[in-house]
Amino acid sequence: MSTETPLDLKKTVNLPRTRFAQQANLVQSEPARLKRWAEMDLYGKIRAARRNRPKFILHDGPPYANADIHIGTAMNKILKDFIVKSRTMMGYDAPFVPGYDCHGLPIELHVDRKLGEKKAKMSAVAFRRACREHASNALKRQTRDFQRLGVFGEWSNPYLTMSNEYEAETARLFARFVERGFVYRGARPVYWCIHDQTALAEAEVEYREHTSPSIYVKFPFADDPAKIAPELAGRKVFFLIWTTTPWTLPANLGIAVNPLFEYAAVEHGDDVYIVASELVETVAEKCGLNGARVIARFSGEKLDRLECRHPWIERRSLLMLGEHVTLGGEADAETELDVRASRDKKVTGKAGTGLVHTAPGHGHDDFVIGGRYGLEVYCPVDNAGRFTAEVEHFAGERVFDANPKIIELLRERGMLLFSEQYRHRYPHCWRCHNPVIFRATPQWFISLDRRARDLEDGASLREMALREVERVEWIPSWGRDRMRNTISGRPDWCVSRQRLWGVPIPAFYCRACGETVASPEIMRHVADIFERESADAWYAREAKDLLPEGFRCPKCGAADWSKESDILDVWFDSGSSSVAVLEKYPELRWPADVYLEGGDQFRGWFNSSLIVALAAHNAAPYRTVVAHGWVVDGEGRAMHKSLGNAISPNEVIQQSGAEVLRLWTASSDYHEDMRCSPEILQRVAESYRKLRNTARFALGNLHGFDPQRDSVSYEEMEEIDRWALAELNRVIERALEAYEHYEFHAVYHALHHYCTVTLSALYFDIIKDRLYTFAPRSRARRSAQTALYRIADALARLLAPILVFTADEIWENLPSSGDEQLPSIHLAEFPRIQRAEGEEELLQRWERLFGVRDQVLRALEEARQAKMIGSSLEARVRLRVGGALRELLERYRDQLRYIFIVSQVELEAGTEGELQVEVARALGQKCERCWNYSPRVGESERYPTVCERCVEALAEIEREGAA
RNA sequence: GGGCCUGUAGCUCAGUUGGUCAGAGCGCACGCCUGAUAAGCGUGAGGUCGGUAGUUCAAAUCUACCCAGGCCCA
């Protein structure tokens with residue numbers, strides 16, 4: 001029975017309705033959603049939902065707990081979250097335990113500065129407490145920021161490298177290295193302040209102008225000169241070195257030359273001097289060698305392992321080959337203290353001879369090359385910067401005071417060729433501002449080349465590491481090469497730091513006989529104390545209270561001990577994490593499936609983690625290592641606060657929301673450096689809106705649709721809806737594949753392309769007519785909704801790891817599919833591909849139809865430009881074509897007007913292979929209801945302004961309304 | 001100076017082993033729609049594939065060098 005009065009046409013159009021707002025208002029909505037998630041313990045629910053599923057472990061590399069997060073830290077955590085969430089949605093149990101790196105110099109320096117003068121009066125324990133507090137505050141702020149980014153994890157129970165358990169485990173792992181014979185104690189040069197009598201880290205020296213003596217010194221050749229060149233037979237040959245630190249000459253053990261340089265023998269009077277060929281003139285001029293002439297030239301290579309005599313001490317000075325030797329400049333200063341600046345400027349010829357005086361106890365390069373040639377790390381200078389008793393002439397003398405006296409001695413012995421004052425930049429102590437020296441002090445090392453005591457094959461750490469590098473999967477694949485090179489080239493690991501804020505090296509020294517006690521058993525005993533009291537115990541307790549009761553010196557039987565004052569390198573701390581975390585948290589397991597960090601960690605955490613894991617388990621702690629690039633500005637340059645090109649993650653969040661930052665992270669290819677700028681973020685925000693609106697259209701048109709009740713079976717669906725599902729399958733496949741391989745930018749592009757091209761511009765535009773104007777419960781409309789539902793559902797799931805907030809919001813606004821609706825999308829799994837028979841052919845057919853559509857659209861645009869039409873519904877299209885295409889079009893004859901979104905389509909015979917498109921005004925009147933044109937508008941008496949389709953639809957609506 | 005990496009339209013990215021490979025989306029310009037509306041649709045203009053020189057019948061794709069940039073070292 002029909003209603004008495006005709007319906008209000010406007011109200012019979014099924015326009016979209018949804019609570020899913022067009023404006024995201026992320027800045028407000030994100031925190032609200034985070035709060036809800038926290039209240040419902042979403043992370044706990046996810047864990048419970050995945051119990052007993054196969055595990056997938058991403059192990060978090062701990063950010064340094066010193067300052068607020070920057071965009072790089074944010075990006076890193078977001079990428080990790082992509083991995084964790086996508087693996088979770090693949091069905092894995094993928095717990096995430098975040099960590100923080102809490103010890104180390106930067107924190108100590110920060111606290112130092114904050115305390116100022118007060119530090120001097122503080123006990124070590126009190127100072128450590130201040131450091132602990134600083135780290136604790138920093139990590140709390142970071143935690144808050146990471147959570148704000150929508151990163152899920154065990155935020156209430158992160159791992160801290162300063163926790164009792166972790167410190168204890170760190171000490172135990174060091175004991176493990178000792179036990180297996182990898183640890184030794186040796187000397188190595190460090191920056192040393194003779195005023196404060198302390199070692200300095202690189203960050204604690206500052207460069208200032210300083211005047212040093214610059215001298216050219218003769219080293220008599222002690223071999224047969226004919227070995228160098230026949231012309232030199234029987235001559236008095238001297239090797240000429242240049243230095244600005246005469247006081248290091250007593251420690252000279254060698255001279256380095258560059259094997260790639262050519263050297264010249266220069267005759268002056270009876271003497272012959274050896275200098276680099278390129279510097280002959282400069283040196284001759286500087287040293288006033290009038291009338292000097294070159295009598296021989298030879299390659300530096302020839303000098304290898306020949307010997308000179310020290311200019312005044314009865315000792316050999318070994319000739320060595322080293323490519324660190326340059327043609328002058330500060331790099332030739334044996335202290336190596338100011339090499340960075342000069343090398344960057346590619347300075348040459350300022351001063352120097354091309355031969356470098358080498359004192360392994362007083363310079364870094366000297367130490368390295370000396371090590372290669374088996375020289376002793378000789379450093380006859382004490383803590384106060386005075387020569388020790390063994391130094392002839394200068395014992396007890398302060399090194400800087402000794403400079404002029406050494407020069408005088410050289411002059412007396414005829415070994416000085418030239419001397420002058422020299423201004424240059426020289427490192428000074430940042431606290432007392434006095435010049436520092438480079439001085440070898442005893443340090444603890446982990447040897448990369450000693451053989452493991454307990455292994456049959458006696459492999460070294462280096463060998464084991466190189467073996468493991470081949471077994472690990474590296475993404476990108478060049479990571480393997482980089483890691484291999486890093487490991488092959490790295491020197492022994494100096495794990496000593498002369499600092500307070502860290503895990504002490506648990507070793508003891510017998511005051512009576514000097515014996516060192518560094519046994520694994522004792523170390524584990526100490527570690528147990530750390531476990532109870534934290535490593536502060538090392539400073540709070542007396543040595544005897546750290547040792548087992550009544551422990552006596554195994555050598556002399558005394559019981560008077562001093563404690564080691566060095567702490568472990570922080571890289572040892574974080575390197576311990578695989579064991580200290582993966583094996584301690586019950587939900588985790590060793591080894592991890594994946595590590596993901598910036599490329600700087602090849603030398604850092606990837607490396608230290610590997611070494612520690614080898615000591616602990618003879619294997620790598622990771623199966624896959626993913627390395628990402630750095631965040632750079634819009635021009636590809638590094639970000640610096642001083643350059644003003646840095647982007648603050650918190651600012652982005654406050655302006656646009658975390659989703660935008662997450663989407664930016666997903667949109668860029670992280671395998672390379674990732675550009676970020678206001679313009680780029682602007683683009684990302686726009687693409688966010690597109691994704692959101694696409695979802696909103698689907699949701700709006702699902703109003704009143706109950707998937708259980710109203711879904712149309714596949715066979716009954718309109719073909720274009722089946723096409724949309726086939727396209728959906730393609731996208732699901734591509735996105736899942738990309739997630740599988742950590743290619744998030746491919747996920748982004750696939751989904752974005754699907755939303756903009758496939759859905760928004762094509763499918764949605766076409767089905768609007770059907771959705772809006774067909775009777776709400778008609779099969780044709782339900783068919784479209786069935787597809788829309790599947791699309792919206794899949795889209796939400798696929799977006800969920802990236803757009804954590806928005807996907808959940810979509811989920812919320814999807815019609816409920818019954819009781820099993822999960823309270824959050826993050827408990828759901830990825831969509832499954834529901835492959836239908838004949839899908840490939842279907843896709844191919846429609847691809848051709850849409851090809852025709854493109855041509856029609858071009859023709860429509862021409863008509864529009866010619867003012868013939870405005871809306872495409874004002875058009876009637878005539879197609880002329882022959883052959884196979886004609887047959888295809890014929891088959892879809894009734895569909896074509898909808899596909900083209902025009903009112904009428906005529907198909908006429910034409911020539912094969914050539915499609916002609918003509919556009920004309922549509923016939924008839926515009927239907928008031930569906931806006932299509934039809935000659936039959938007016939046929940209905942009840943609805944005189946409406947077309948025949950609408951008449952039918954209205955009748956159906958009236959029937960339903962009555963029912 | 002060494003190791004590793006990068007350089008395709010204004011932006012983000014595709015371009016298997018060299019031969020329709022010069023593409024997509026965004027942005028931009030112009031236009032349409034006003035029933036996804038601080039939305040939606042269409043058409044179009046943009047690139048000597050960082051540069052140079054080679055190899056080749058043929059190179060964005062291979063080689064060398066150079067330039068610009070990034071990370072780690074020295």
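These numbers come from the heavy atoms of this one structure, side chains and all, not from hydrogens, waters or symmetry mates. In the text below, chain A, chain B and the rest are named by the order of the sequence lines, each starting its count at 1.
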Choose from [options] the nucleotide whose nearest atom is closest to any side-chain atom of [X].
| X | options | result |
| --- | --- | --- |
| W478(A) | rC4(B), rG44(B), rA74(B) | rC4(B) |
| E679(A) | rG40(B), rG42(B), rG10(B) | rG10(B) |
| R683(A) | rG27(B), rC33(B), rA68(B) | rG27(B) |
| R482(A) | rC26(B), rU43(B), rC4(B) | rC4(B) |
| V632(A) | rA38(B), rG70(B), rU6(B) | rG70(B) |
| R864(A) | rG70(B), rG42(B), rG35(B) | rG42(B) |
| E686(A) | rC4(B), rC26(B), rA36(B) | rC26(B) |
| D481(A) | rG69(B), rC4(B), rA74(B) | rC4(B) |
| R637(A) | rA68(B), rC41(B), rG31(B) | rA68(B) |
| A761(A) | rG42(B), rA74(B), rA38(B) | rG42(B) |

Checklist entry - Just how far is it from atom NZ of K11(A) to atom CG of N14(A), taken to the nearest 0.5 Å? => result 14.5 Å
Next on the checklist: Rounded to the nearest 0.5 Å, what separates atom SG in C494(A) from atom CG in D569(A)?
Outcome noted: 7.5 Å
Item to check | Residues Y772(A) and N701(A): side-chain donor-acceptor under 3.5 angstrom | outcome: no
Categorize [X] for me: base, sugar-phosphate, or nothing, with a 4.0 angstrom heavy-atom threshold over every strand shown.
| X | result |
| --- | --- |
| N485(A) | sugar-phosphate |
| V368(A) | nothing |
| S687(A) | nothing |
| R675(A) | sugar-phosphate |
| W931(A) | base |
| E928(A) | base |
| H749(A) | base |
| S872(A) | nothing |
| G629(A) | nothing |
| R929(A) | base |

Next on the checklist: Given the structure, check if the side chain of T694(A) and the base of rA36(B) hold any donor-acceptor pair shorter than 3.5 Å.
Outcome noted: no
Checklist entry - With no angle test and no hydrogens, is the base of rG35(B) tied to the side chain of K10(A) by a donor-acceptor pair under 3.5 Å? => result yes
Can you find a side chain N or O atom of [X] that sits less than 4.0 Å from OP1 or OP2 on [N]?
| X | N | answer |
| --- | --- | --- |
| H745(A) | rA14(B) | yes |
| K690(A) | rC41(B) | yes |
| R603(A) | rC73(B) | no |
| Y772(A) | rA36(B) | yes |
| S760(A) | rC41(B) | yes |
| T486(A) | rC72(B) | no |
| K768(A) | rA36(B) | yes |

Span that lies between the [atom1] atom of [M] and that of [N], in whole angstrom:
| N | M | atom1 | answer |
| --- | --- | --- | --- |
| rC62(B) | rG18(B) | C1' | 8 Å |
| rA74(B) | rU56(B) | P | 44 Å |
| rU55(B) | rA9(B) | P | 28 Å |
| rC11(B) | rU16(B) | P | 22 Å |
| rC67(B) | rG50(B) | C1' | 7 Å |
| rG23(B) | rA38(B) | P | 37 Å |
| rC26(B) | rU20(B) | C1' | 26 Å |
| rC4(B) | rA14(B) | P | 23 Å |

Item to check | Salt bridge R692(A)-E809(A), side-chain N to carboxylate O under 4.0 Å | outcome: yes
Checklist entry - How should the glycosidic conformation of rG7(B) be described, syn or anti, under the criterion that syn lies within 90° of 0? => result anti
Next on the checklist: Could you report the tightest heavy-atom contact between T665(A) and M674(A), atom names first, then the distance?
Outcome noted: O-CE, 3.7 Å
Next on the checklist: Closest-nucleotide mapping onto RNA chain B: is R689(A) or K867(A) further toward the 5' terminus? I mean the 5' end.
Outcome noted: K867(A)
Checklist entry - Taking for each residue the nucleotide of RNA chain B bearing the nearest heavy atom, is the 5' side occupied by G870(A) or by D669(A)? => result D669(A)
Next on the checklist: Does the plane of the ring in Y595(A) sit parallel, tilted or perpendicular to the ring in W605(A)? Use 30° and 60° as the thresholds.
Outcome noted: parallel
Checklist entry - Which class fits the ring pair F606(A) and F602(A): parallel under 30°, tilted 30 to 60°, perpendicular over 60°? => result perpendicular
Checklist entry - Checking R662(A) against F744(A): charged group under 6.0 Å from the ring centre and within 45 degrees of the axis? => result no
